[in-house]
Amino acid sequence: MLEKEIEKYLKRRIEAIGGKAIKFISPANLGVPDRIIILPGGTIYFIELKNEVGKLRKIQEYQAKSLIELGCNYKFINSKYEVDKLIEEIERKRKL
């Protein structure tokens, strides 16, 4: 499956639960995640997308580590199944 298909699926699923999946482009910051997910209530996730065989580049690993160390929600997603797991996590946290 192509990365863009997974990205479209993510966007559709996030919008279905009332969130936004904004394309993240930062020319001065190489390796930033592909999408910023903003959910009702202000919860934010940074999402890096790849296809099933894709791997993070070193700069992407660095950016992921930096975001995680700052306490941000960061996810690496490489399949529709992983998107579904993210949606389940979001819904589970909403119930708390």
Side-chain angles (χ1 to χ4, degrees):
M1 177 173 297
L2 297 175
E3 180 180 321
K4 68 180 180 178
E5 293 172 346
I6 298 167
E7 192 167 12
K8 284 180 187 177
Y9 182 71
L10 171 71
K11 188 174 185 307
R12 202 167 49 247
R13 291 293 314 268
I14 292 297
E15 288 173 351
I17 61 171
K20 293 184 176 259
I22 299 168
K23 185 75 172 169
F24 186 20
I25 299 171
S26 181
N29 278 313
L30 297 177
V32 294
D34 296 307
R35 293 276 173 170
I36 299 174
I37 305 301
I38 304 171
L39 299 168
T43 301
I44 296 173
Y45 284 82
F46 293 90
I47 308 293
E48 180 60 48
L49 294 148
K50 298 285 184 195
N51 63 21
E52 283 98 351
V53 296
K55 296 183 184 207
L56 295 177
R57 292 177 285 132
K58 291 287 183 197
I59 189 67
Q60 291 172 318
E61 289 175 358
Y62 169 80
Q63 292 286 11
K65 184 176 183 268
S66 296
L67 290 168
I68 292 166
E69 286 175 352
L70 288 169
C72 298
N73 294 308
Y74 172 91
K75 297 289 181 185
F76 172 69
I77 292 179
N78 64 354
S79 68
K80 287 183 176 181
Y81 173 74
E82 291 293 324
V83 171
D84 293 340
K85 281 179 45 179
L86 173 63
I87 299 299
E88 288 174 13
E89 176 183 316
I90 290 167
E91 291 175 343
R92 195 171 43 253
K93 286 181 177 181
R94 281 184 172 176
K95 293 178 183 176
L96 296 178

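One is the number of the first residue; the rest follow in order along the sequence. All heavy atoms count here, side chains included; hydrogens, waters and symmetry mates do not.
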Is it possible for you to say whether Ile44 and Ile14 belong to one hydrophobic cluster, with membership spreading through side-chain heavy-atom contacts below 4.5 Å?
-> no
Closest heavy-atom pair and its distance - Pro40, Gly18 = CG-O, 3.5 Å
Hphob cluster co-occupancy, Leu67 + Ile37, side-chain heavy atoms under 4.5 angstrom = no
Going by an N to O cut-off under 4.0 Å, is there a salt bridge joining Glu15 and Lys11?
-> yes
Can you find a heavy atom in the side chain of Glu3 that is under 4.5 Å from one in the side chain of Asp34?
-> yes
To the nearest 0.5 Å, what is the distance between CD (Gln60) and NZ (Lys55)?
-> 13.0 Å
Between Glu69 and Lys65, is there a side-chain N and carboxylate O pair less than 4.0 Å apart?
-> yes
When rounded to the nearest 0.5 Å, the distance separating CG of Asn73 from CD1 of Ile47 is 8.5 Å
Spell out, yes or no, whether Phe24 and Leu30 are grouped together once hydrophobic residues are joined by side-chain heavy atoms under 4.5 Å, including indirect joins.
-> no
Nearest 0.5 Å please: distance from the CD1 atom of Ile36 over to the NZ atom of Lys20.
-> 12.5 Å
Between Asp84 and Arg13, is there a salt bridge with N-O shorter than 4.0 Å?
-> yes
Does NZ in Lys23 sit with more than 12 non-hydrogen atoms of other residues, nucleotides or ligands closer than 6.0 Å?
-> yes
Closest heavy-atom pair and its distance - Asn51, Leu2 = CB-C, 4.4 Å
Minimum-distance pair of heavy atoms, taken over all atoms of Tyr74 and Pro33 | CE1-CG, 3.9 Å
State yes or no: do Met1 and Leu56 share one hydrophobic cluster built from I, L, V, M, F, W and Y residues joined by side-chain heavy-atom distances below 4.5 Å, directly or via other members?
-> no
Roughly how far, to the nearest 0.5 Å, is CG of Asn29 from OH of Tyr62?
-> 9.0 Å
Closest contact, heavy atoms only, Lys75 versus Glu89 | NZ-OE1, 2.8 Å
Salt-bridge criterion met for Arg94 and Glu91 (N-O under 4.0 Å) | no
Measure the NZ-CD distance between Lys50 and Glu7 for me, rounded to the nearest 0.5 Å.
-> 11.0 Å
Leu49 CG to Tyr9 OH distance, which is reported to the nearest 0.5 Å = 13.0 Å
Do Ile90 and Leu10 share a hydrophobic cluster (ILVMFWY, side-chain heavy atoms under 4.5 Å, transitive)?
-> yes
Nearest heavy-atom neighbours spanning Arg35 and Ala21 | NH1-O, 2.5 Å
